[in-house]
There are 2 protein chains.
Amino acid sequence: MAPRGRPRDTQVDERVLRIAAALIAERGYTGLSIDEVAEQAGVAKTTLYRRWPTRDHLAVAVVARLQADDEITDTGDIRADLVDYLEKIAAGLNRMRTAGGREGASAGVAGELVGAAARHEDIGRLARDQYARRNALALALIERARLRGELRADLDAEALFDQLAGALYYRVMITGAAVDRAYAERLVSSALEGSLTCP
Amino acid sequence: MAPRGRPRDTQVDERVLRIAAALIAERGYTGLSIDEVAEQAGVAKTTLYRRWPTRDHLAVAVVARLQADDEITDTGDIRADLVDYLEKIAAGLNRMRTAGGREGASAGVAGELVGAAARHEDIGRLARDQYARRNALALALIERARLRGELRADLDAEALFDQLAGALYYRVMITGAAVDRAYAERLVSSALEGSLTCP
DNA sequence: CCTATTACGCAACATGAGTTTCGTATTACT
DNA sequence: AGTAATACGAAACTCATGTTGCGTAATAGG
């Protein structure tokens, strides 16, 4: 079952990803130089390109490691569950945003990854797959709350989650503001309670 | 009052922006080559760099021209006004998204601009300024509706607009889906009416 | 008219991403 | 043991961005 030729040195992947992560954390996305990673890792540039076709792909691999697996919890209280889930997503975003020391700047690494997704089909697909997984989890959570009568029967679950997740991304990417638990709570309250005067 | 030295050839700006727009529309963001723009425009590369410090800045200048000035209309019906405004924003996003012919792909030009904003402080500031202007308009619109009793008194206007605009951006950038009037209506309905079962 | 100032074009250059070529090393299969 | 297949390393290469230096053109002010 093992492939024919010489097997890949698996230690290389480990070492390269660690060094690349350090470079991004230290100098930001732009400071991630293929030549420098290769030199510090003690491998040839061709060895890197055999694993990651572009610098963007390497960066995505680095960030993917930092992302927790965002498991969802269903306590039966939809408000608390949504806030928890948003906070998990926000934590991942903040971890990217602050990588590279450009605290107050703009979107930071998160923004560059959106650019990478726009440049490369496959990275875009990856991002969309991750979104789809999140979306499925969230929609199921919302649907359960709807069935037990916590939420309106004629709810638009997709629109609801787009609003919540979208506002998080919007704030981080466009406005560059931080997102914390307090903001997540504001979002959930606003979305759940609506804005019309109650008749 | 005129500056001391030789004045800039203003025709150059016009010509370059037109050519750059054509290149982006034809081959996408990556297909925008400084050398090629310079050649087609019949100017030296240094002349381009005197006006736009990087390729990203040139691209931003091109796209900025395509953006309508998003004036807001206040008819007194907050639901219709919000849908209209979202549709205007979405139209701008779609115009960027489809530039370059990569219809179904990912975020397209819009995503690359987020990357540009992440790479360059000043572009990020520009984007945030535009956001701030939009935000101010929308918040004023919402506030007027609140004061005339159309919306709840304890409304969180900022959260409301973040949700609406955020969902639009989220959908275009991350999921790559199109945004049309129908989607804008779903968003506004969901946000205004809320998700809780009405007590 | 003369000078300081700025714009323009041209060519050379520096840098980093990504590719290509080739010789060598490591593995599976026969 | 021999062979095909794959990985690795090293060096040279291509290409586009962005920079630098210099000669020349255009403008305002003295």
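Here the structure is a predicted model, which means the values were calculated and not measured. Naming: A, B, ... by sequence-line order, numbering from 1 per chain.
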When you compare the side chain of B:Leu139 with that of B:Leu160, does any pair of heavy atoms fall below 4.5 Å?
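No, too far: nothing below the 4.5 Å cut-off.
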Would you call B:Ile34 and B:Tyr49 a side-chain contact if the rule is heavy atoms closer than 4.5 Å?
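They are in side-chain contact.
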Could you check how far [atom1] of [X] sits from [atom2] of [N], rounded to whole Å?
X        : N      : atom1 : atom2 : value
A:His120 : C:dG18 : NE2   : P     : 7 Å
B:Glu36  : D:dA16 : CD    : P     : 9 Å
B:Tyr49  : D:dG18 : OH    : P     : 4 Å
B:Glu39  : D:dT17 : CD    : C1'   : 16 Å
B:Trp52  : C:dA7  : CH2   : P     : 14 Å
A:Arg27  : C:dG16 : CZ    : P     : 10 Å
A:Asp35  : C:dG16 : CG    : C1'   : 6 Å

Produce the list of close N/O pairs, under 3.5 Å, pairing protein atoms with atoms of nucleotides 8-12 of chain C; give distances to one decimal.
from, atom 1, to, atom 2, distance (Å)
C:dC8, OP1, B:Asp9, N, 3.0
C:dC8, OP1, B:Arg51, NH2, 2.9
C:dC8, OP2, B:Arg50, NH1, 3.4
C:dC8, OP2, B:Arg51, NH1, 2.9
C:dG9, OP2, B:Ala44, N, 3.2
C:dG9, OP2, B:Thr47, OG1, 2.7
C:dG9, N7, B:Thr46, OG1, 3.2
C:dC10, N4, B:Thr46, OG1, 3.3

State, without any angle test, whether A:Glu150 and B:Thr197 hold a side-chain donor-acceptor pair at a distance under 3.5 Å.
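No - no donor-acceptor pair under 3.5 Å links their side chains.
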Smallest separation among heavy atoms of [X] and [Y], with atom names:
X        : Y        : value
A:Arg79  : A:Ser189 : NH1-OG, 2.9 Å
B:Val62  : B:Ala20  : CG2-CB, 3.6 Å
A:Glu158 : B:Arg171 : OE2-NH1, 3.6 Å

Check the surroundings of atom CD in B:Glu39: do more than 12 heavy atoms from other residues, nucleotides or ligands lie under 6.0 Å from it?
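Atom CD in B:Glu39 is not crowded, with 12 or fewer foreign heavy atoms closer than 6.0 Å.
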Touch class at under 4.0 angstrom, heavy-atom based, for B:Leu58 against every strand present
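If one applies the 4.0 Å heavy-atom cut-off, B:Leu58 turns out to touch nothing in the nucleic acid.
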Contact class for B:Leu48 (heavy atom, under 4.0 Å): base, sugar-phosphate, or nothing?
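Since no nucleic acid heavy atom lies under 4.0 Å of B:Leu48, the category is nothing.
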So, taking the atom named CG in A:Leu48 and the one named CZ in A:Arg55, what distance separates them when rounded to the nearest 0.5 Å?
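If we round to the nearest 0.5 Å, A:Leu48:CG and A:Arg55:CZ are 13.0 Å apart.
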Parallel under 30°, tilted from 30 to 60°, perpendicular over 60°: which one fits the rings of B:Phe161 and B:Tyr85?
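Parallel: the ring planes of B:Phe161 and B:Tyr85 meet at under 30°.
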Consecutive Watson-Crick or G-U pairs in runs of at least 3, all under 3.5 Å, in which DNA chain C is involved
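DNA chain C stems, ordered by first number: C:1-30 with D:1-30.
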Contact nearer the 5' end of DNA chain D, comparing B:Ile34 with A:Gly5:
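Its nearest nucleotide lies further toward 5', so the answer is A:Gly5.
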